[in-house]
Amino acid sequence: MDPVVARHAARAVPRYTSYPSAPHFQAGFPEAHYRTWLGALDPREPVSLYLHVPFCREMCWYCGCNMKLARRYEPIAAYVEVLLKELDLVAAALPARMTISHLHWGGGTPTALQPADLARVMEAVRRKFTIDGKAELAIESDPRTLTAEMTHLIGALGFTRASFGVQEFNPRVQQAINRVQPPEMVERAVDGLRDAGVRALNFDLIYGLPFQTGPSLVATVSAAAAMAPDRLALFGYAHVPWMARNQRMIPEAALPGPAERAEQAALAAETLTACGFDAIGIDHFAQPHDELALAAREGRMRRNFQGYTTDRANTLIGLGATAIGTTPFGHVQNLSETRAWARAVEAGRLPVGKGLAFRGEDRMRAHVIERIMCDGRADVGEAGRRFGAAPDWAAESLSALGDLVADGLVVIDGPEVALTPRGRPLARVVAAAFDTYLESGAARHSQAV
């Protein structure tokens with residue numbers, strides 16, 4: 001990678017799946033506030049639903065998610081019962097029966113549920129909500145533990161998209177991250193889901209892993225692309241052992257440095273575009289026919305807690321321990337400890353752990369940051385007019401981009417700020433210039449690339 005780009009890419013900044021970002025959510029946020037927000041939603045507008053399952057059958061040492069290792073099914077079965085009760089509480093707080101435009105199961109590993117329990121929850125969702133006929137129904141899975149019975153059920157329940165964590169196919173890297181899954185295993189899972197009628201597949205890949213090299217990642221990317229997924233996400237490994245204890249098993253001396261990470265990201269991106277994928281945002285790639293690629297070309301792509309999306313809903317309701325949601329009034333996050341989450345639900349309370357009500361310029365800055373992250377450009381003048389701000393509201397943020405402008409990575413033309421093709425990997429760095437919360441807390445972030 002260009003050494004100038006690599007120098008800026010070493011900055012530690014948020015991933016901006018929300019603004020303000022999750023580390024700034026306030027603990028002890030009143031449950032009554034969230035209940036009021038849900039009740040004030042416009043019943044004519046769609047909502048998205050996110051269901052979080054924090055259980056996995058195997059521990060991946062690179063993982064930074066809120067997850068629990070479950071070798072027995074009893075804890076998962078108990079979790080499902082509470083999830084159903086939380087669904088009832090949320091539905092009762094809404095002003096009417098709402099329509100779902102997107103539904104996403106994440107984790108953890110949602111397919112750690114037994115097929116009968118996944119079917120029960122989906123049946124409950126359909127009782128409480130109307131699922132739009134064009135809604136995307138997505139579920140994450142682990143090819144190491146996906147069974148034929150679950151594969152068939154995913155198709156029978158009408159899921160339209162499934163996601164796999166491929167990460168890296170190199171055996172040495174797989175051993176170092178405790179996720180051993182040869183390409184043949186992934187291919188069998190892919191074939192099974194397609195045979196079951198799931199028409200769209202996503203793969204996740206990671207760069208910056210221990211013992212990973214540019215050539216090993218290129219080989220992985222090529223093998224993954226040959227399986228023809230509709231979308232590929234290429235994430236930089238975020239080494240945060242102070243937050244994720246399992247990452248302490250990662251040999252830090254084997255991690256590539258900033259320059260090597262940047263080079264890996266560039267090589268992987270070049271390989272994917274050579275395989276016919278469109279580059280989307282900062283870390284996604286899609287087949288040209290895929291709806292995400294179409295949305296990116298037309299300037300209507302969005303970004304939320306699940307990453308890049310075509311969903312136009314302004315409300316995302318999160319269910320399950322640690323699930324995050326957003327409304328037109330602010331963000332909320334459920335209690336992360338499963339027992340505390342369960343106690344709150346059993347007591348008839350929405351299990352809110354943290355939250356943040358929008359204030360001041362938050363929504364305007366969120367709009368600008370989202371456009372930078374999605375389009376690589378933003379019109380701060382248009383944003384100011386839309387939200388009723390003074391014409392010079394962004395002067396300080398634009399001034400903070402001076403070094404990037406001088407290095408030819410950003411262009412500022414009147415009220416418009418745009419990343420140059422050379423600077424596109426630095427969208428998170430440019431977005432950070434508009435983040436007034438960034439210096440106000442002690443949160444630690446991963447490097448930009």
Side-chain angles (χ1 to χ4, degrees), residues 1 5 8-9 11 13-19 21 48 102 104 106 136 138 161 163 200 202-208 221 224-225 229-238 261-262 264-273 275-313 316 326 365-379 383 404 409-411 416-435 445-449:
M1 180 178 278
V5 175
H8 291 286
R11 277 194 59 189
V13 289
R15 292 184 181 273
Y16 292 116
T17 53
S18 73
Y19 180 80
S21 54
S48 293
H102 269 57
H104 188 103
E136 178 173 281
R161 186 175 296 277
S163 298
N202 293 17
F203 286 176
D204 289 346
L205 306 176
I206 299 180
Y207 65 88
V221 168
D230 300 87
R231 299 177 190 172
L232 275 151
L234 178 66
F235 298 123
Y237 168 58
R261 284 173 61 96
Q264 288 176 7
L267 284 171
E270 291 170 8
T271 304
L272 285 168
T273 53
C275 290
F277 288 84
D278 287 354
I280 306 294
I282 60 168
D283 51 18
H284 279 52
F285 298 80
Q287 300 274 11
H289 66 267
D290 186 85
E291 178 60 25
L292 192 65
L294 297 174
R297 290 198 292 270
E298 295 170 4
R300 54 182 177 83
M301 186 167 66
R302 301 290 303 278
R303 186 164 172 84
N304 64 18
F305 298 109
Q306 278 76 63
Y308 289 111
T309 179
T310 59
D311 188 18
R312 302 302 297 177
L316 170 64
T326 191
R365 291 180 178 272
H367 170 75
V368 169
I369 287 171
E370 183 178 43
R371 293 335 312 154
I372 290 169
M373 294 297 295
C374 290
D375 305 332
R377 62 175 59 245
D379 186 333
L404 290 161
L409 305 173
V410 170
V411 172
E416 295 190 7
V417 55
L419 288 148
T420 65
R422 182 176 166 222
R424 279 302 289 258
L426 301 173
R428 289 168 60 189
V429 176
V430 175
F434 295 87
D435 185 347
H445 303 284
S446 61
Q447 64 191 60
V449 177

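T309 places no side-chain N or O within 3.5 Å of a backbone atom of R303 that could act as its donor or acceptor partner. The closest donor-acceptor contact from the side chain of R300 to the backbone of T310 lies at 3.5 Å or more, if one exists at all. Judged by distance alone, with hydrogens and angles left aside, the side-chain atoms of Y207 form no donor-acceptor pair with the main-chain N or O of A266 at under 3.5 Å. Between the side chain of S21 and the backbone N or O of S18 there is no donor-acceptor pair closer than 3.5 Å. With hydrogens and angles ignored, the 3.5 Å screen pairs no side-chain donor or acceptor of E136 with any backbone N or O of H102. Side chain of R261 to main chain of Y237: a donor-acceptor pair is present (N/O by atom type, distance under 3.5 Å, no hydrogens or angles).
Taking the side chain as every heavy atom from C-beta outward, L272 and L232 approach each other to under 4.5 Å. Side-chain contact check for E416 versus V411: every heavy-atom pair is 4.5 Å or farther apart. I372 places none of its side-chain heavy atoms less than 4.5 Å from the side chain of Y16. With a 4.5 Å cut-off on side-chain heavy atoms, Y19 and E370 do not count as touching.
Salt-bridge annotation for R161 and D290: present, with a side-chain N of the basic residue lying under 4.0 Å from a carboxylate O of the acidic one.
Smallest separation of non-hydrogen atoms from L234 and A269: CD2-N, 4.2 Å. Among all heavy-atom pairs drawn from F277 and F285, the shortest one is CB-CB, 3.9 Å. Between G299 and R371, the shortest heavy-atom contact is O-NH2, 3.6 Å. Shown here for P14 and D435, the closest heavy-atom pair between the two residues is CG-OD2, 4.2 Å. Across A268 and V221, no two heavy atoms sit closer than the pair CB-CG2, 3.9 Å. What you find for L409 and V5 is that their closest heavy atoms are CD2-CG2, 3.7 Å.
For the atom pair CG (L294) and CD1 (I280), the distance works out to 9.0 Å, reported to the nearest 0.5 Å. Atoms CZ and CZ, from R302 and R312 in turn, are 5.0 Å apart once rounded to the nearest 0.5 Å. To the nearest 0.5 Å, atoms SG (C374) and CD1 (I282) are separated by 9.5 Å. Here the straight-line distance linking atom CG of D283 with atom CG of D204 works out to 9.5 Å at 0.5 Å rounding. T17 contributes atom OG1, which lies 6.0 Å from atom CZ of F305 (distance to the nearest 0.5 angstrom). The structure places CD of E291 at 11.5 Å from CE of M301, a figure rounded to the nearest 0.5 Å.
Partner D278 forms a side chain to side chain donor-acceptor pair (under 3.5 Å) with one of R297, H284, H289, R231 and no other, that one being R297.
Within a 6.0 Å radius of CZ in R377, other residues, nucleotides and ligands contribute 12 heavy atoms or fewer.
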**Message:** The test is side-chain contact (heavy atoms from CB on, under 4.5 Å); show your working for N304 and T326 and say whether it passes.
**Reply:** CA-CA 9 Å; N304 64 18; T326 191; 5.9 Å; no
